[in-house]
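Reminder, nothing fancy here: chain letters follow the sequence lines and each chain counts from 1.
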Amino acid sequence: MENKHPEEQRLLVEKIRQNNEATLKKLYQTNYPKIENYILKNNGSVEQAKDVYQDAFLKLWISIKKNGFTSQNETAINGYLYTIAKNKWIDSRRANLTSRTAVLKDLQNVASNEDIEDITLYEIEKDTQLQLTMSSFNDLGDACKKVLSKFYFEKKTMQQLAKELQLTPASAKNKKYRCIQNLRELIKAKQ
Amino acid sequence: MDEELNNDQEKELETIERFLNGTMIDAELQSFENLLESDPRLKREVEQHKLLILGMEAASLKMELDEYHQTMGEENQKVIPLSKKKPKRQWYFIAASLVTFLGLGLFYFTTTSNQRLFEQYFEPDPGLATNMSTNKDFEFIKAMVYYKEGEYEKAIERWTEQLPYKKENDTLNYFLGVSHLAIGNEEEAIKYLETVKQKKNSYFLNDTHYYLGLSYLKNDDIELAKENLTITTYQNAELILSKLRK
């Protein structure tokens, strides 16, 4: 695992960027146990471990999407995930400023150990527009959630989507558009 | 006039999406890029849509995480005994082919052409999302989980229990109908689906017409099957109707 071919590594990041189901699932499932273990040993519960881990996973994924990530190393990605989760846990236990410098230092340590070039972790918590979009999405009806996640997350083509929804391509396209409009209205209403 | 405005907006959205996902090329790409430079409104639209897409992706991923979490437990529990000897592959193939052959023969002997047509096209409704953040109806969700796993009897058992409290509920009636159809109870299915059909503003109306069509088809009630299949927009319905006309 340490000496994987560089091309494979680049492909891994690319697969994450494309929301490849198998890749994301494997990444999630491979890294969870170690983090659960850490949190349980540090006065956390299984439930808390899951929440912290999922937040960390999302943060890592968005950082990769926003191109703040040029790692060529799978071990590095795993290391990042662990570090983000660990620091989220620490942060949640001590809500004071000193913990933030500790977080940055920790990340820099990971970087120097793993030859990572760039550590711009995206601060999801500070992105209110993103939070707004996500919570509005959750308020959509199940039908729209299905349509939008199949098209934008799973990257299905309009033809595939139409087939799965048992609609004509024109109807599917129209449905997608109406769902986008719904989402936009929900976001607007919350602003 | 409103329609026209909507069409223009829809077209613009499509163009923006082609630009964002990299399928726009050459001359069109060049002219779009030039346009962006000179049109701040368009540039803003593009940026906003880019962010919207990321937000939708993030929200979708978040929905998936629980599924990754749950399947993780299952995979850890699968123990593959290494000492088990595997019988020769070719015997499996032969056995499987024989069973299929016999099964097909039996199928053709004991079913009508309508029933075969039904089997060809029937696929149960994929079901509703079972994450709890939007639907707090725990009992309903529990049954839906069974449904999605193909355990129709269990789903039916639970949903039937809930029925006295929600007799008019079209979601409940719809899924009871489809579940019964999935296990071969056309008569029951028809009963539930006809109830949904009474609710003219039901979200499931289109689907109900389709599954009613299939139910009547399986029951050899051709006229009623055709009647329902004609109203629904499902593509399969047209295919079935054309086969019935022959």
Side-chain angles (χ1 to χ4, degrees), chain A residues 19 21 24-30 32-33 50 53-55 57-59 61-62 65-66 124 127 129-143 145-146 148-155 158 162-169 171 173-174 176-181 183-184 187, chain B residues 6-7 9-14 16-17 20-21 23 47-76 121 123 125-131 133-135 144 171 203-204 206-207 210-211 232-238:
Chain A
N19 307 332
E21 172 94 10
L24 288 173
K25 197 169 190 173
K26 189 173 166 207
L27 185 67
Y28 184 97
Q29 295 180 341
T30 313
Y32 177 71
K50 180 180 132 180
Y53 183 69
Q54 291 194 350
D55 280 348
F57 191 88
L58 208 58
K59 186 164 184 167
W61 175 85
I62 294 188
K65 288 288 240 192
K66 288 245 170 192
I124 316 183
D127 189 342
Q129 189 61 30
L130 182 65
Q131 300 291 348
L132 195 60
T133 307
M134 288 174 72
S135 76
S136 302
F137 184 90
N138 282 333
D139 289 342
L140 284 171
D142 286 341
K145 279 193 205 175
K146 189 165 144 182
L148 295 178
S149 62
K150 279 190 189 291
F151 188 78
Y152 290 103
F153 179 70
E154 294 178 48
K155 311 271 183 219
M158 198 44 80
K163 192 171 177 193
E164 285 185 32
L165 297 175
Q166 305 239 349
L167 296 171
T168 62
S171 306
K173 197 157 81 166
N174 186 255
K176 179 201 118 189
Y177 181 68
R178 279 185 285 124
C179 287
I180 296 264
Q181 292 300 84
L183 181 58
R184 283 177 174 167
I187 293 174
Chain B
N6 258 345
N7 277 338
Q9 289 176 340
E10 199 171 341
K11 283 202 182 115
E12 185 179 81
L13 189 72
E14 274 175 60
I16 292 177
E17 286 194 350
L20 287 175
N21 67 26
T23 55
E47 270 315 301
Q48 278 184 2
H49 197 58
K50 194 172 171 186
L51 292 173
L52 187 74
I53 292 178
L54 185 66
M56 290 192 284
E57 287 185 80
S60 302
L61 177 61
K62 196 166 179 186
M63 287 189 330
E64 291 291 300
L65 295 184
D66 275 337
E67 203 242 322
Y68 296 169
H69 206 88
Q70 279 160 24
T71 53
M72 179 167 61
E74 287 156 28
E75 281 179 20
N76 286 342
Y121 286 100
E123 247 180 56
D125 185 298
L128 302 178
T130 50
N131 66 72
S133 59
T134 48
N135 189 339
M144 180 57 74
T171 314
Y203 171 79
F204 296 100
N206 188 35
D207 311 88
Y210 179 65
Y211 284 108
T232 182
T233 63
Y234 275 47
Q235 276 177 303
N236 278 351
E238 278 195 48

Exercise. Regarding A:Arg178 and A:Gln181, is there a side-chain donor-to-acceptor distance under 3.5 Å anywhere?
Worked result: no
Exercise. Just checking, any donor-acceptor pair under 3.5 angstrom between side chains of B:Thr71 and A:Gln29?
Worked result: yes
Non-hydrogen atoms of chain B under 4.5 Å away: do they reach the side chain of [X], the backbone, both or neither?
X        : answer
A:Ile187 : side chain
A:Lys50  : both
A:Leu183 : side chain
A:Ser149 : both
A:Tyr32  : side chain

Problem set entry | Heavy-atom pairs under 4.5 Å with chain B, option from A:Lys163, A:Lys150, A:Gln166 with the top count |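 Among the listed options, the one with the most contacts to chain B is A:Gln166.
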Problem set entry | When B:Leu51, B:Leu65, B:Leu52 are compared by non-hydrogen pairs under 4.5 Å with chain A, the top option | B:Leu65
For this session: Find the one option among B:Pro126, B:Ala237, B:Ala59 whose heavy-atom pairs under 4.5 Å with chain A are most numerous.
Result: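 If we count pairs closer than 4.5 Å to chain A, B:Ala59 comes out on top.
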Where the side chain of [X] meets the backbone of [Y], is there a donor-acceptor pair that is under 3.5 Å apart?
X        : Y        : result
A:Tyr53  : A:Tyr28  : yes
A:Lys145 : A:Phe137 : no
A:Tyr177 : B:Leu13  : no

Exercise. Side chain, backbone, both or neither: which part of B:Gln48 has a non-hydrogen atom closer than 4.5 Å to chain A?
Worked result: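 For B:Gln48, there is no contact with chain A at all, as no heavy atom is under 4.5 Å.
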Exercise. Hey, does A:Lys176 have a side-chain heavy atom less than 4.5 Å from the side chain of B:Glu17?
Worked result: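 Of all side-chain heavy-atom pairs linking A:Lys176 with B:Glu17, at least one is under 4.5 Å.
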Problem set entry | Lys/Arg N to Asp/Glu carboxylate O, B:Glu57 vs A:Lys155, below 4.0 Å | yes
